[in-house]
Amino acid sequence: MVAVSKTGGLPFSALAIMVFCNIAWALNVVVSKIAVSTLGLPPLFYTVLRSAMVLIVLFPLLRQIPARLPWVLAIGFAVTGGSFGLQFVGLQTASPSAVGIVNLAGAPLTVLFAILFLGEEVRWRRGIGMALALGGVGLAIGSPSASGSFVGLAFAFGGVLMGAFASVFVKRLAIGSVALQAWAAVASLVVMLPATLALESGQIEAVRAAPWAVAACVVFAGLVVSVGAHSAYFKLFQAHDANLIVPLTLLTPLLTIAFGTWLTGDEIGWPLLAGGAMALAGVAIIVVRPSRNIFKPLLVRPRL
């Protein structure tokens with residue numbers, strides 16, 4: 001089989017992998033909603049369970065200590081446990097569809113932080129894209145179908161903000177993306193385990209009430225999504241141009257809305273759809289523009 005160059009087109013196998021990744025990422029939002037809302041898992045505790053699953057699978061990668069370990073742990077925590085924890089708190093009251101649209105704010109926020117801290121230059125096209133994306137997210141948050149979960153969406157936006165801020169510094173870490181997931185799981189456990197013990201209650205009761213359902217959610221989030229989909233996604237960047245891969249991730253919010261409507265009965269109004277379309281158009285403009293400073297795989301996937 002002939003290998004595809006970095007500048008060539010995407011083969012069918014790569015497209016199939018990206019379809020799998022988008023489905024996994026979209027379903028992850030819905031599954032997380034079920035875990036923290038329907039099953040009643042405390043959100044920080046669910047973050048601990050997910051991180052533990054990732055650590056179990058990737059534990060062998062911890063044998064090699066990376067350079068600048070404190071930075072690796074801090075940035076890894078921000079793009080995983082910290083941002084996930086805030087999103088899980090938000091999903092207790094917010095719908096998966098609305099959270100999926102809020103996640104689109106990651107791209108313009110990442111560019112904004114790159115401007116502030118890395119000297120990123122933004123011309124008028126990406127400036128328009130940033131304005132469209134943030135305006136669309138604002139419209140979606142303020143829509144009638146999302147107004148009842150404003151606090152939840154605020155927490156979800158906080159998670160996106162944290163992930164976007166940390167992702168601009170990932171390119172400066174001398175560590176592979178999969179190894180970063182392993183160390184991020186360590187950092188998440190160190191922070192989130194004491195947090196859930198101090199701030200939450202009912203962890204054991206929630207697990208005992210539906211052990212198989214909880215296990216399914218954790219295996220899906222930790223094994224299928226974080227280890228499987230994310231590892232496959234980053235591996236594609238070793239063989240293909242990022243400009244061919246990153247735009248395909250824009251399927252995720254569309255699938256999130258579809259799965260949210262189907263599986264959790266999300267109410268989708270025209271303002272939410274209009275805001276989502278506006279944000280999606282803005283992000284599309286952002287991701288097709290080149291950048292020297294931003295780790296492009298995390299431009300629209302700010303959390304690992």
Side-chain angles (χ1 to χ4, degrees), residues 22 25-34 36-38 43 78 82-116 122 124-167 249-287 299-303:
N22 279 284
W25 292 328
L27 279 175
N28 189 44
V29 181
V30 178
V31 168
S32 299
K33 170 68 175 180
I34 294 172
V36 301
S37 182
T38 305
S83 58
F84 269 126
L86 289 172
Q87 176 168 286
F88 295 158
V89 172
L91 279 168
Q92 288 182 304
T93 56
S95 70
S97 299
V99 170
I101 294 174
V102 168
N103 284 342
L104 287 170
L109 289 175
T110 299
V111 175
L112 178 61
F113 286 131
I115 294 171
L116 296 176
V122 174
W124 64 271
R125 290 186 182 87
R126 277 204 294 173
I128 292 175
M130 292 171 64
L132 279 173
L134 291 176
V137 170
L139 179 61
I141 292 176
S143 67
S145 57
S147 60
S149 57
F150 179 81
V151 174
L153 292 177
F155 273 103
F157 183 81
V160 174
L161 190 69
M162 177 182 289
F165 175 75
S167 67
T249 63
L250 297 179
L251 286 172
T252 299
L254 299 177
L255 290 172
T256 303
I257 293 174
F259 289 142
T261 304
W262 174 34
L263 298 173
T264 57
D266 294 359
E267 295 183 7
I268 307 297
W270 285 111
L272 186 68
L273 289 175
M278 183 176 168
L280 198 62
V283 173
I285 294 172
I286 293 170
V287 300
L299 183 61
V300 288
R301 296 300 311 163
R303 293 181 295 281

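Side chains of F157 and L153 form no contact here, defined as non-hydrogen atoms less than 4.5 Å apart. Put simply, the side chain of N28 reaches to within 4.5 Å of the side chain of F84, judged on heavy atoms. Side chains of Q87 and V102 form no contact here, defined as non-hydrogen atoms less than 4.5 Å apart. When side chains are defined from C-beta on, I101 counts as touching I257, because their heavy atoms get closer than 4.5 Å.
Interatomic distance, L27 CG to N22 CG, rounded to the nearest 0.5 Å: 11.0 Å. Within the model, atoms CD1 of I285 and CH2 of W124 stand 8.5 Å from one another, a figure rounded to the nearest 0.5 Å. Between the OG atom of S97 and the CD1 atom of I268 there is a distance of 3.5 Å, given to the nearest 0.5 Å. If you take CE on M278 and CG on L134, they are separated by 9.5 Å, rounding to the nearest 0.5 Å. With rounding to the nearest 0.5 Å, the separation of CG in L109 from CE in M162 is 13.0 Å.
Scanning both residues, T256 and G100, for their nearest heavy atoms gives CG2-CA, 4.0 Å. Here the shortest heavy-atom pairing between P96 and G260 reads CB-CA, 4.5 Å. Among all heavy-atom pairs drawn from G163 and S83, the shortest one is N-CB, 4.1 Å. The shortest heavy-atom contact between P108 and A133 is CG-CB, 3.6 Å. In terms of heavy-atom proximity, L250 sits nearest to L280 at O-CD1, 3.7 Å. Between S149 and S95, the shortest heavy-atom contact is OG-N, 4.5 Å.
Counted by atom type alone, D266 and T261 present zero donor-acceptor pairs between their side chains at under 3.5 Å.
Partners of P43 under the side-chain contact (heavy atoms from CB on, under 4.5 Å) rule, at least two apart in sequence or in another chain, are V36, F88, V89, Q92, E200. With sequence neighbours excluded, the residues satisfying side-chain contact (heavy atoms from CB on, under 4.5 Å) with V31 are Y46, C217, F220.
When atom types are taken as modelled, the side chain of K33 and the backbone of T38 share no donor-acceptor pair closer than 3.5 angstrom.
The local environment of CZ in F259 is crowded, with over 12 non-hydrogen atoms from other residues, nucleotides or ligands closer than 6.0 Å.
Within the structure, the ring pair (Phe, Tyr, Trp, His ring centres under 6.0 Å) test picks out no pair touching residues 262-281 (sequence neighbours left out).
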Practice problem: Mind running side chain to side chain contact (heavy atoms under 4.5 Å, CB included) on V151 and F155 for me, showing each step along the way? | Solution: CA-CA 6 Å; V151 174; F155 273 103; 3.8 Å; yes
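When each of V122, V111, L132, I128 is tested with I286 by the rule side-chain contact (heavy atoms from CB on, under 4.5 Å), just one qualifies, namely V111.
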